[in-house]
> 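Once you've had a glance at the structure underneath, I'll fire off some questions.
Counting convention: from 1, in listed order, for ligands and their atoms alike. No hydrogens, no waters, no symmetry mates; every other heavy atom, side chains included, goes into these values.
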Amino acid sequence: MTDTTGILAATPAVIDRAGALIRAGRLVAFPTETVYGLGADATDGEAIAAAFEAKGRPRFNPLISHVPGPASAAALVELDDRAHQLAARFWPGALTMVLPRRAGCPVAPLASAGLETLAVRAPDHAVAQTLLATAGGPVAAPSANRSGAVSPTTAQHVAQSLGDAVAMIVDGGRCPLGLESTVLDLSGERARILRPGGVTAEDIAQAIGPVETVTGDAAVTAPGMMAHHYATRLPLRCDVAELKPGEALLAFGRHGFIGATAERNLSPTGNLREAAANLFAMLHELDRPEFTGIAVMPVPDEGLGRAINDRLRRARHPRPLAGDGAIG
Ligand code: TXA
Ligand code: MG
């Protein structure tokens with residue numbers, strides 16, 4: 001393959017630049033022991049929006065925040081005894097743990113698709129660890145492939161799939177495992193595997209006792225994809241042309257609506273990346289009992305607008321929608 005756009009061998013100088021790019025809100029593809037990740041500053045909503053845009057996924061799925069180890073994870077999520085034991089045994093490694101966000105967690109709401117849980121993982125790869133150190137904070141990274149394509153295990157795969165959507169591809173050779181991490185949900189009393197991967201159910205059970213593996217339909221929708229996770233408490237109307245009494249307005253772009261009880265504007269200039277970055281925080285702010293409902297102005301159904309509209313449709317429907325998939 002000839003497309004080698006932006007591929008650079010992982011020298012210390014290159015990793016340094018990659019860290020600076022991430023701090024500047026840019027996207028950097030980097031190797032981990034499982035697959036290549038599409039890295040973005042996890043605390044920067046617009047950088048996360050750019051990652052979703054690059055993947056071309058018509059839906060916001062929650063992303064894994066990568067950290068050097070348990071101490072940095074503890075700043076983001078509530079680690080219980082099980083999590084401490086698993087981290088001691090399998091980190092750095094191919095185990096992702098889904099845990100409750102800590103109060104004041106700095107990770108952008110968009111990075112976990114508005115959920116109250118956050119997935120964290122410490123990758124077992126020298127390049128990834130050095131990059132995390134230079135980036136200086138959590139790095140959200142989905143697999144570095146376009147939506148629907150297989151996960152990339154070489155820098156060339158990334159270039160073929162994402163091309164110039166990334167500022168840099170750090171080449172650390174072939175990923176040693178070549179299989180994604182195991183996603184383990186520890187947000188409830190029962191430990192549940194949401195996605196099988198590098199660390200097996202038996203390994204986990206040995207460390208913390210019984211673990212259940214979510215299979216079939218539930219597995220497809222399990223990773224934070226169920227519509228009810230997304231529903232607002234207030235009724236929500238989309239594509240509104242007029243306001244009803246008592247409604248709060250979620251605007252997009254310039255508009256002539258007057259007299260809204262409350263208003264947030266996803267992006268006054270009509271920028272979809274900014275809108276995506278604001279979406280979850282603004283829905284949360286308007287979802288209050290003093291309003292009769294949330295009226296949402298039309299958002300163009302193109303690019304990131306498709307994922308924004310998907311999220312808004314889910315907020316209206318308290319049941320799973322058809323086509324709930326977790327193809328990352
Ligand atoms: O090996 C890996 O995990 C790679 C490398 C780059 O670390 N990353 C990866 O990310 O595979 P991604 O985005 O392709 O898959 C992340 C999975 C998805 O199935 C997602 O739904 C699930 O983790 N996930 C993330 N946050 C979650 C949350 N808060 N609750 C439930 N599932 C979550
Ligand atoms: Mg994926």
> Just checking, is any N or O donor in the side chain of His255 or Glu263 under 3.5 Å from an acceptor N or O on the other one?
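Side-chain D/A pair, His255 to Glu263: present.
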> Is there at least one pair of N or O atoms, one from Thr34 and one from ligand 1, spaced under 3.5 Å apart?
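Thr34 vs ligand 1: N/O contact under 3.5 Å present.
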> Going by distance only, is there an N or O of Ser112 that falls short of 3.5 Å from an N or O of ligand 1?
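Checking ligand 1 against Ser112, no N or O pair falls under 3.5 Å apart.
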> Is ligand 1 under 4.0 Å from a heavy atom in the side chain of Ala141, in the backbone, in both, or in neither?
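Just the backbone.
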> Please check if the side chain of Thr292 supplies one atom and the backbone of Gly246 the other of a donor-acceptor pair under 3.5 Å.
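Present.
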> Are Thr269 and Glu274 packed together at the side-chain level, in the sense that at least one heavy-atom pair is separated by less than 4.5 angstrom?
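They are in side-chain contact.
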> Under 4.0 Å from any heavy atom of Pro142, which atoms of ligand 1 are there?
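Selected atoms, number and element: 10 (O), 12 (P), 13 (O).
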> Is there a polar contact, in the sense of an N or O pair closer than 3.5 Å, between Tyr36 and ligand 1?
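No, since none of the N or O atoms of Tyr36 sits under 3.5 Å from an N or O of ligand 1.
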> Heavy atoms only, cut-off 4.0 Å: how does Val98 contact ligand 1, side chain, backbone, both, or neither?
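The answer is the side chain of Val98.
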> Has Ser143 got an N, O or S atom lying less than 2.8 Å from the Mg ion (ligand 2)?
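Ser143 does place an N, O or S atom closer than 2.8 Å to the Mg ion (ligand 2).
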> Which of the numbered atoms in ligand 1 are below 4.0 angstrom from a heavy atom of His66?
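Answer, ordered by atom number: 5 (C), 6 (C), 7 (O).
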> Can Arg237 and Glu242 be counted as an ion pair, charged N to O under 4.0 angstrom?
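Salt bridge between Arg237 and Glu242, a charged N being under 4.0 Å from a carboxylate O: yes.
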> Which atoms of ligand 1 sit under 4.0 Å from any heavy atom of Ala119?
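Within the 4.0 Å cut-off of Ala119, ligand 1 contributes 25 (C), 26 (N), 27 (C).
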> Before signing off on this row, confirm whether Arg121 and ligand 1 have an N or O atom pair separated by under 3.5 Å.
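Yes; at least one N/O pair falls below 3.5 Å.
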> Between Glu180 and Ser151, is any side-chain donor less than 3.5 angstrom from a side-chain acceptor?
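Yes, a side-chain donor-acceptor pair sits under 3.5 Å.
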> Show which atoms of ligand 1 fall inside a sub-4.0 Å distance from at least one heavy-atom site of Glu180.
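Every atom of ligand 1 under 4.0 Å from some heavy atom of Glu180: 1 (O), 11 (O).
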> Establish, from distance only, whether the side-chain atoms of Arg101 and Ser112 form a donor-acceptor pair under 3.5 Å.
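Judged by distance alone, the side chains do pair up.
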> Taking side chain as C-beta onward, heavy atoms only, is Phe60 less than 4.5 Å from Phe52?
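Sidechains of Phe52 and Phe60: in contact.
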> Which of the atoms in ligand 1, numbered in the order shown and given with their element, are less than 4.0 Å from a heavy-atom of Ile64?
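Under 4.0 Å from Ile64, ligand 1 has these atoms: 3 (O), 8 (N), 9 (C), 10 (O), 16 (C).
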> Are any of the N or O atoms of Thr117 closer than 3.5 Å to those of ligand 1?
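Among all N and O atoms of Thr117, at least one is under 3.5 Å from an N or O of ligand 1.
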> N/O of Ser181 under 3.5 Å from N/O of ligand 1, yes or no?
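Yes, at least one N or O pair falls under 3.5 Å.
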> Any chance the side chains of Ser187 and Asp185 put a donor and an acceptor closer than 3.5 Å?
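Judged by distance alone, the side chains do pair up.
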> What is the minimum heavy-atom distance between Val211 and Ile193, and which atoms define it?
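For Val211 and Ile193, the tightest heavy-atom pair comes out as CG2-CG1, 3.8 Å.
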> With no hydrogens and no angle check, do the side chains of Thr34 and Arg121 hold a donor and an acceptor under 3.5 Å apart?
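There is such a pair (donor and acceptor under 3.5 Å, judged by atom type) between the side chains of Thr34 and Arg121.
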> Test of understanding: given a 4.0 Å heavy-atom threshold, classify the contact between Leu194 and ligand 1 as side chain, backbone, both, or neither.
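The side chain, only.
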> Out of all atoms in ligand 1, which are within 4.0 Å of some heavy atom of Gly37? Include the element for each.
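Numbered from 1, ligand 1 contributes 6 (C).
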